[in-house]
Protein chains: 2
Amino acid sequence: MRVQHSSQPHRVSTAVMMVFSVLIIAGCAQPVAPPTVTNANPLPSWNDTENTIAIIDFVSRVTDPAGPDFVPEAESIAVFDNDGTLWSEQPMYFQLFFAIDRVKALAPEHPEWTTTQPFQAVLEDDIEGVLAAGEHGLIELVMATHAGMTTAEFEAVVTDWIATARHPTTGRFFTDMVYQPMLELLDYLRTKGFKTFIVSGGGIEFMRPWTSAVYGVPPEQVVGSSIVTEFEMRDGVPVLVRQPKLFFIDDKGGKPVGINSHIGRRPIAAFGNSDGDLQMLQYTTIGNSPGLGVYIHHDDAEREWAYDRESHIGRLSEGLDQAPERGWLVISMKDDWRTIYPEEE
Amino acid sequence: MRVQHSSQPHRVSTAVMMVFSVLIIAGCAQPVAPPTVTNANPLPSWNDTENTIAIIDFVSRVTDPAGPDFVPEAESIAVFDNDGTLWSEQPMYFQLFFAIDRVKALAPEHPEWTTTQPFQAVLEDDIEGVLAAGEHGLIELVMATHAGMTTAEFEAVVTDWIATARHPTTGRFFTDMVYQPMLELLDYLRTKGFKTFIVSGGGIEFMRPWTSAVYGVPPEQVVGSSIVTEFEMRDGVPVLVRQPKLFFIDDKGGKPVGINSHIGRRPIAAFGNSDGDLQMLQYTTIGNSPGLGVYIHHDDAEREWAYDRESHIGRLSEGLDQAPERGWLVISMKDDWRTIYPEEE
């Protein structure tokens with residue numbers, strides 16, 4: 001978890017200056033004292049592009065108490081997908097690497113796995129075979145590796161794994177494959193009074209052990225998929241035991257449902273990267289004003305990965321079709337981002 | 001929602017002074033600058049009793065950075081049951097009054113209700129008959145009155161009801177039947193850096209429209225029972241439609257489960273009043289140090305109601321048995337509270 005969070009406080013962003021020019025042109029008769037954001041570029045890893053300006057402009061509008069788009073701080077909720085939006089997701093969701101490592105660790109206790117799919121494929125390092133098992137197979141993997149222990153035990157396993165496991169091709173810690181521009185954006189929004197939430201299809205208890213340190217998002221602001229847990233007294237101590245049964249899938253139409261369940265307010269800004277985030281962006285922006293919808297578009301094969309309409313992981317097709325009419329921003333990782341990952345220490 | 005939140009800043013509490021005496025006797029060699037709490041009694045509606053002192057002592061210990069029981073602010077989570085802990089619950093949970101009023105309002109569209117229980121009992125003002133329908137009947141009532149509309153529509157109905165309906169015997173607005181001492185306690189804990197959550201068996205969306213104004217607890221810090229909601233595009237607008245199907249019961253063993261799901265941390269203080277809160281108090285205090293468990297004991301027939309082991313609503317029996325060995329405080333509403341409800345304006 002060696003994520004670099006430092007910003008570069010002495011740079012003055014052209015984008016920010018342009019925003020103020022636009023605001024002045026747009027007819028702010030009364031000059032207001034420039035907010036502190038003018039003194040330091042809050043988004044140093046973002047290029048001075050139209051998209052960057054549009055994000056800063058949105059934030060300026062909803063935080064201007066004198067403006068028509070002002071939103072009280074209590075209602076300034078921003079939601080972020082995780083896989084592919086805050087960190088990478090190729091060649092497969094990072095949680096799947098975790099599940100695979102768990103299968104291997106638990107295999108000695110499960111001799112039957114050597115002849116049972118999808119476990120056999122995992123043990124033979126046959127990633128194609130694992131993915132071929134489809135959704136049903138993946139759920140089986142998750143159940144076998146994420147259940148059957150207490151929540152405290154699971155947290156310890158995740159904490160250990162995330163601190164030691166590395167991505168197979170980049171060699172980085174997974175938490176070093178978070179997007180530096182998005183770390184800055186999270187910080188920037190919080191500085192402006194937003195409450196930032198993660199709303200991910202990933203496991204809620206797979207994320208919570210490390211989101212505070214990596215993203216500055218505390219456990220109570222993480223929404224995700226989950227399995228059933230049951231209260232139990234074990235040796236006189238109360239524990240929650242994770243059951244091999246799905247409780248909630250926080251994906252597609254489930255994202256607005258998860259938002260309503262956990263947050264109880266409609267967000268005013270939503271950030272995603274796939275069609276799994278489509279309903280979350282719709283819920284945030286349609287019939288809700290002001291509302292900012294943003295897609296992170298993976299178009300940078302050189303520095304990260306390039307994929308959209310044809311990808312099995314993180315497919316983005318309907319979202320690209322709807323973005324223009326909905327007024328959603330489509331961030332080009334190639335053009336809008338100066339850097340992708342934090343510098344390694 | 002005319003709840004009086006004002007405190008009495010110029011009173012100096014004997015209890016607070018006693019706490020400092022105790023701390024000094026207990027061996028604080030180095031005198032520390034007294035915190036601002038000495039300048040104003042944070043709990044003016046609490047009598048200077050052992051229970052009051054014990055609560056203030058706990059808060060002092062976990063917020064003293066130099067002490068052995070210090071808890072970082074991010075982990076200072078306090079959870080509160082609602083019915084019978086933050087507001088009254090007799091002669092039945094207030095949400096049931098809401099359901100009954102809804103049945104009456106919707107009856108013209110449901111002629112079959114005049115001959116179907118428990119609806120017939122409701123329409124005939126036969127409260128005994130309603131309660132005789134048992135849990136199954138009550139769930140039927142809730143489904144018929146809480147589902148079949150969007151979350152936004154339901155919020156509007158609740159908001160309207162809570163602003164106008166009155167309790168049958170006190171004649172007060174229901175939100176004027178919150179406990180003044182608990183309002184002060186919520187404020188006090190937040191002043192000391194705690195994050196306060198409601199964890200109630202009541203409906204999460206029945207509470208959220210008014211908990212911010214009444215308790216200072218925002219929607220995202222309310223945990224409760226819920227029914228299934230489904231995302232839908234209606235006339236091009238995204239909505240969440242409430243389905244007549246239970247999703248989660250936030251009671252008994254469900255309370256720690258709900259806490260884990262919504263908060264993702266073990267609280268360090270829990271407040272309840274019935275055996276439905278037993279597991280929440282266990283989860284907060286057993287094998288978790290420091291941990292404060294508090295039961296509000298309804299023993300004031302004159303100013304509120306007196307009930308415990310034999311009551312159908314808010315039964316408190318196992319909790320009373322376990323309190324001494326667990327070190328839980330049992331607050332006497334009669335002896336520990338100077339006032340019960342806020343003054344009416």
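Every chain is numbered from 1, with letters handed out A, B, ... down the list of sequences.
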inquiry  = Does any part of the side chain of Glu220(A), heavy atoms only, come nearer than 4.5 Å to the side chain of Lys195(B), both counted from C-beta?
reply    = yes

What part of [X] lies closer than 4.5 angstrom to a heavy atom of chain B: side chain, backbone, both or neither?
X	answer
Ile286(A)	both
Gln221(A)	side chain
Phe248(A)	side chain
Glu205(A)	side chain

ask   = More than 12 foreign heavy atoms under 6.0 Å from CD of Glu73(A): is that the case here?
value = no

ask   = Counting only heavy atoms not in Glu325(A), do more than 12 fall under 6.0 Å of its CD?
value = yes

When Val237(B), Thr151(B), Val257(B), Ile204(B) are compared by non-hydrogen pairs under 4.5 Å with chain A, the top option = Val257(B)

inquiry  = Below 4.5 Å, heavy-atom pairs only: which of Lys255(B), Gln282(B), Arg208(B) has the largest tally toward chain A?
reply    = Arg208(B)

query = In residues 223-231 of chain B, which residues are in contact with chain A at a heavy-atom separation under 4.5 Å?
reply = Thr229(B), Glu230(B), Phe231(B)

message = Just to be sure I understand the criterion: a residue of residues 259-270 of chain B counts if one of its heavy atoms is under 4.5 Å from a heavy atom of chain A. Which ones qualify?
response = Asn260(B), Ser261(B), His262(B), Ile263(B), Gly264(B), Arg265(B), Arg266(B)

Evaluation steps, side-chain contact (heavy atoms from CB on, under 4.5 Å), between Tyr283(B) and Val239(A) = CA-CA 7 Å; Tyr283(B) 186 63; Val239(A) 294; over 6 Å; no

